[in-house]
Structure formats: structure tokens, C-alpha cells
A.B. asks: 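I have a structure here, written as C-alpha cells, and I will follow up with some questions on it.
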Amino acid sequence: MNGPPFPTASVCGLTPEMIHRYSRHLLLPSFGVDGQLNLSKASILVVGAGGLGSPIAMYLAACGVGCLGIVDGDNVELNNLHRQIIHTEAYVGEPKVKSAAATCHAINSTVRVVEHREALLASNALDIMSQYDVIVDATDNLPSRYMISDCCVVLNKPLVSGAALGLEGQLTVYHYNGGPCYRCLFPTPPPATACQRCSDSGVLGVVPGIIGCLQALEAIKVASSIGKPLSGRMLLFDALSGHIRIVKLRGRSLNCDVCGENSMFTRETFQSFDYENFTQSPFFPRITEYKKRVDSSEPHILVDVRPAHHFQITALTNSISIPLSSLKENFAVIDSAMDEIKQGTGLDASIYVICRRGNDSQRAAKLLHENGFSIAKDIIGGLESWAQEIDHSFPMY
Ligand SMILES: Nc1ncnc2c1ncn2[C@@H]1O[C@H](COP(=O)(O)OP(=O)(O)OP(=O)(O)O)[C@@H](O)[C@H]1O
Ligand SMILES: [Zn+2]
């Protein structure tokens with residue numbers, strides 16, 4: 001007899017191992033070999049490895065997507081674990097993307113997982129998002145939502161977008177097959193006061209879990225070309241009553257500033273667009289509870305960005321003085337302070353930024369993020385709040 005007695009690869013294009021691993025998918029007439037093959041060739045980017053991103057990334061890894069990108073600049077905190085189920089106690093203090101990639105790899109080592117350990121900003125989004133077929137927004141803030149949607153329009157990519165807060169959640173698919181983009185529906189951002197985060201108003205852990213699972217499902221449908229993605233419709237979930245409603249959305253707006261017929265929105269417009277100013281809210285969470293972080297002996301550095309002569313008057317113990325005006329030239333100082341902590345404790349240090357009242361520190365945190373210090377967080381109210389609320393003996397000037 002010529003050749004091997006049995007064929008080594010199956011005729012359907014999937015390897016024997018894939019046939020075994022994904023057999024329950026293959027048995028589904030509406031998914032089958034074609035769905036699995038499409039999925040195995042697709043690349044999907046999950047933006048945010050938090051409450052929504054956790055189940056999304058885990059299911060996408062489990063189901064055999066070809067390439068899974070995860071982008072997030074934050075570190076795992078203990079109070080994330082009640083809902084961010086991709087992370088475990090062993091990873092508290094470690095980068096979320098590292099922890100998420102380890103879990104995905106443990107579930108399915110055949111999937112290529114790419115770690116983007118940075119915040120997605122208008123400055124890096126085109127570069128990162130252009131490497132993927134489908135984008136999933138699992139972030140928690142308004143500037144990211146607009147920025148990711150605009151970038152999807154510029155790059156012509158479908159976007160699976162979800163949100164969960166408190167006991168409610170919602171999801172839809174934007175810019176899919178002629179459907180609306182986020183700006184078609186929300187041309188003007190809501191007032192910043194209407195936009196809460198989990199850290200402000202709380203969230204029941206399982207709620208983002210449910211919305212994240214539905215986002216994973218929509219991403220799988222889009223990537224494998226099966227079913228009817230939730231485009232032009234929005235699913236609304238209310239945990240307390242157990243109600244799920246699907247509402248029809250307006251179609252694509254021909255006057256949309258970004259995807260409209262006469263839109264002048266280009267790559268260049270995108271890169272120079274100020275999303276924080278547009279939405280009047282910051283990309284990054286700011287913190288109020290610096291004292292708690294000191295009390296818990298969290299390894300960190302505190303950068304005081306006030307002018308040097310203010311620092312001379314009074315400062316918090318162990319803070320490092322780097323005035324905002326010279327921050328750009330002093331990134332190396334921060335790097336070496338972090339290295340020192342790493343050598344001493346074996347842990348990655350957090351970075352907190354403080355100023356007199358909390359304005360310059362916000363600018364400084366933004367600059368740090370844009371330059372790779374993606375875990376920098378600024379302290380709301382600055383030293384003035386510290387003196388008023390924590391240490392009345394701290395001399396304010
Ligand atoms: N522009 C962005 N690029 C990348 N990741 C982002 C961006 N914006 C937000 N994220 C990430 O999305 C995730 C959102 O997670 P989630 O809403 O569960 O809350 P959290 O920020 O981790 O925690 P909490 O709000 O309780 O302090 C976070 O990990 C955050 O770092
Ligand atoms: Zn639009």
C-alpha cells in the first residue's frame with residue numbers, strides 16, 4: 001500500500017486536536033466546521049481586562065479564536081476580584097494583562113494571546129486596533145468609549161460595546177454592516193456627573209459577568225459570521241427584576257460627525273482629538289483614598305508635581321519632588337525609584353501623583369500615561385484635602 005494507512009489531518013481543515021477540543025461546537029448545525037474555521041482565523045482585541053473583559057477574554061480563549069489581544073495598563077487590586085474573575089489573589093499588584101494572559105493560556109494554550117500593557121489612547125489606538133478584525137470595548141469610561149468607536153470607524157472595524165454598573169447592564173454592536181456608530185446615537189456626551197464608575201457607585205459582581213458573556217457571544221458571531229449580530233438594537237439587562245429587553249436603535253446618521261456622508265473625520269483628526277475635553281471626564285480613575293494605600297503598605301512612589309519652592313514649604317514624607325514643568329525630563333527618576341522598590345520587594349510599585357489641589361496632578365498623570373507609565377493615578381483634592389480630611393496638623397499654605 002502506498003502512503004500512510006490513515007490520513008494525518010482531517011479533510012475539513014481542522015486538526016484532529018481541534019476536532020476533539022471543539023467537538024461540541026462542531027456538532028451545532030448553525031456553527032459547525034465553517035464557524036470554527038472562521039473563528040480560528042479571526043483576531044479579536046479586548047479593551048479593558050476588568051469586570052466585562054474577564055469573561056470576554058476567557059470565553060474567547062476557550063472557544064478557539066485565532067488571536068486574542070488584551071489591552072489594559074492597570075494592575076490587579078484586591079477589590080477587583082469579586083467581579084474580575086480572570087484574575088486571582090496571586091496576581092494582586094501585577095499587571096492585569098499579564099494575569100489575564102496567564103488565565104487564557106491555562107484555558108487554551110493553542111490560542112495566541114497578545115499582551116498590550118498600556119492604556120489605549122488616541123496616540124496608540126490606530127496602531128494597536130489595526131492589528132485585529134473585531135474590537136470589544138470593555139472599558140468603563142466615556143472618553144474611551146468615544147475614542148474606541150471613532151477609531152473603529154476610521155479603521156472600518158466592527159465594535160462590540162458593553163457597559164455594566166450597579167445592577168444594570170447593556171450591550172450593542174456598532175459600525176457593523178452599515179449600522180450606526182456610537183456617535184450616531186450619542187453625538188453629544190452626557191454631562192460628566194451622569195457618568196459614574198464602579199468605584200463611585202458600586203456593582204454587583206455577576207452583572208458585568210453576564211454582559212461580558214453576551215459581548216463574547218456577539219464577538220464570536222461577528223468573527224465566525226454566524227447568526228445576526230446585535231447591530232441597530234440594544235440589549236438592556238436589569239438584574240433586580242430579571243428583565244431583559246431589546247430596543248431598536250436609530251440607524252446610522254448621515255449627519256454623523258464621524259461616520260456621516262460628509263464627515264471630514266480622518267486618521268489625523270482622530271489622533272489630535274481631545275477626548276477628555278470633549279466628554280469633560282478623564283480616561284483614568286483618580287483616587288480619593290491615598291491614606292488607605294499608605295496604611296496597607298502598598299509598594300508605591302508618590303510624585304509631588306508642585307513647583308520646587310512649594311515642596312520646600314511642606315510635603316508628605318517619602319514623596320519625590322518632580323515639578324510638572326520638568327516632568328518630561330525626569331521620567332528616569334521615576335523609573336529608578338520603581339526599580340529600587342522592585343529590587344527590595346520583588347513587586348511592581350504603583351505610582352501616585354499629588355499636587356496642591358488636584359489640577360496639576362491630573363495633567364501629570366495624563367502625561368505619565370502617554371509616556372508608558374500606565375499605572376499612574378492622581379489624588380483628588382491633593383494636599384489640601386489631605387490637610388482637611390486626614391491630617392489636620394499638616395501645614396497648608
Ligand atoms: N482606555 C483604556 N485602555 C485600556 N484599558 C482601559 C481603558 N479605560 C479603561 N480601561 C480598563 O478597563 C477596565 C475596566 O474595569 P472595571 O470597570 O471592572 O473597573 P476597574 O477600573 O478595574 O475598577 P474600579 O472601577 O472598581 O476601581 C479596567 O481594568 C481599566 O484599566
Ligand atoms: Zn456615526
Side-chain angles (χ1 to χ4, degrees), residues 45-57 69-87 95-97 99-100 115-125 128-129 135-154 159 162-166 169 174-176 178-187 196-205 207-209 211-212 249-263 265 275-276 279 281-289 366 369-370 374-377:
L45 179 71
V46 180
V47 189
L52 297 167
S54 289
I56 300 172
I70 307 173
V71 49
D72 200 313
D74 203 7
N75 284 357
V76 180
E77 292 187 39
L78 187 65
N79 63 14
N80 294 154
L81 300 186
H82 80 116
R83 68 182 188 286
Q84 305 188 14
I85 56 167
I86 202 165
H87 311 299
K96 284 187 178 176
V97 282
S99 160
E115 299 173 35
H116 300 277
R117 187 184 162 187
E118 57 198 310
L120 197 73
L121 301 169
S123 50
N124 60 6
I128 294 177
M129 283 171 55
I135 311 299
V136 188
D137 182 352
T139 65
D140 59 350
N141 59 85
L142 211 51
S144 297
R145 227 165 259 293
Y146 276 100
M147 189 267 294
I148 294 167
S149 173
D150 291 354
C151 194
C152 280
V153 174
V154 171
L159 169 63
L165 192 68
Y174 290 116
H175 195 61
Y176 177 79
C181 79
Y182 186 61
R183 288 234 210 188
C184 291
L185 302 172
F186 306 103
Q196 299 269 309
R197 294 186 193 228
C198 300
S199 50
D200 304 321
S201 46
V203 60
L204 192 72
V207 175
I211 300 298
L249 299 174
R250 280 197 305 270
R252 182 180 150 224
S253 160
L254 299 182
N255 298 322
C256 173
D257 282 346
V258 179
C259 77
E261 291 214 309
N262 302 314
S263 161
F265 202 89
Y275 286 93
E276 291 192 322
T279 58
S281 64
F283 267 107
F284 313 107
R286 310 180 66 204
I287 66 156
T288 46
E289 76 307 4
K366 187 163 179 245
H369 276 264
E370 286 166 353
S374 56
I375 48 168
K377 294 193 169 109

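Just so you know, ligand 1 is whichever comes first in the structure, and atom 1 is the first atom listed for that ligand. Here the structure is a predicted model, which is why all the values come from computation and not from measurement.
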A.B. asks: Given that the side chain starts at C-beta and the backbone is N, CA, C, O, which of these parts of Lys96 lies under 4.0 Å from ligand 1, counting heavy atoms, or is it both or neither?
C.D. replies: side chain
A.B. asks: Please identify each residue that fulfils side chain to side chain donor-acceptor pair (under 3.5 Å) with His369, with sequence neighbours left out.
C.D. replies: none
A.B. asks: Looking at ligand 1, does Arg83 have a heavy atom less than 4.0 Å from it?
C.D. replies: yes
A.B. asks: Which residues and atoms, counting only protein N, O or S, are under 2.8 Å from the Zn ion (ligand 2)?
C.D. replies: Cys181 SG, Cys184 SG, Cys256 SG, Cys259 SG
A.B. asks: Of all the atoms in ligand 1, which lie at a distance below 4.0 Å from a heavy atom belonging to Leu120?
C.D. replies: 1 (N), 2 (C), 3 (N), 4 (C)
A.B. asks: Shortest non-hydrogen contact from Ala119 to Asn124?
C.D. replies: O-ND2, 2.9 Å
A.B. asks: Any side-chain to backbone donor/acceptor pair from Arg252 onto Cys184? Under 3.5 Å, distance only.
C.D. replies: no
A.B. asks: Does the side chain of Phe265 reach to within under 4.5 Å of the side chain of Asp150, using non-hydrogen atoms?
C.D. replies: yes
A.B. asks: Between Arg286 and Glu276, does any side-chain N to carboxylate O distance fall below 4.0 Å?
C.D. replies: no
A.B. asks: Which ligand 1 atoms are under 4.0 Å away from a heavy-atom of Gln84?
C.D. replies: 16 (P), 18 (O), 19 (O), 20 (P), 22 (O), 23 (O)
A.B. asks: Touching ligand 1 at all, Ala119? Heavy atoms, strictly under 4.0 Å?
C.D. replies: yes
A.B. asks: Report the residue from Tyr174, Tyr182, Tyr275, Phe186 that forms a ring-ring contact (aromatic ring centres under 6.0 Å, His included) with Tyr146.
C.D. replies: Tyr182
A.B. asks: Ala138 near ligand 1, heavy-atom distance under 4.0 Å?
C.D. replies: yes
A.B. asks: Against heavy atoms of Ser144, which atoms of ligand 1 measure under 4.0 Å?
C.D. replies: 1 (N), 2 (C), 7 (C), 8 (N)
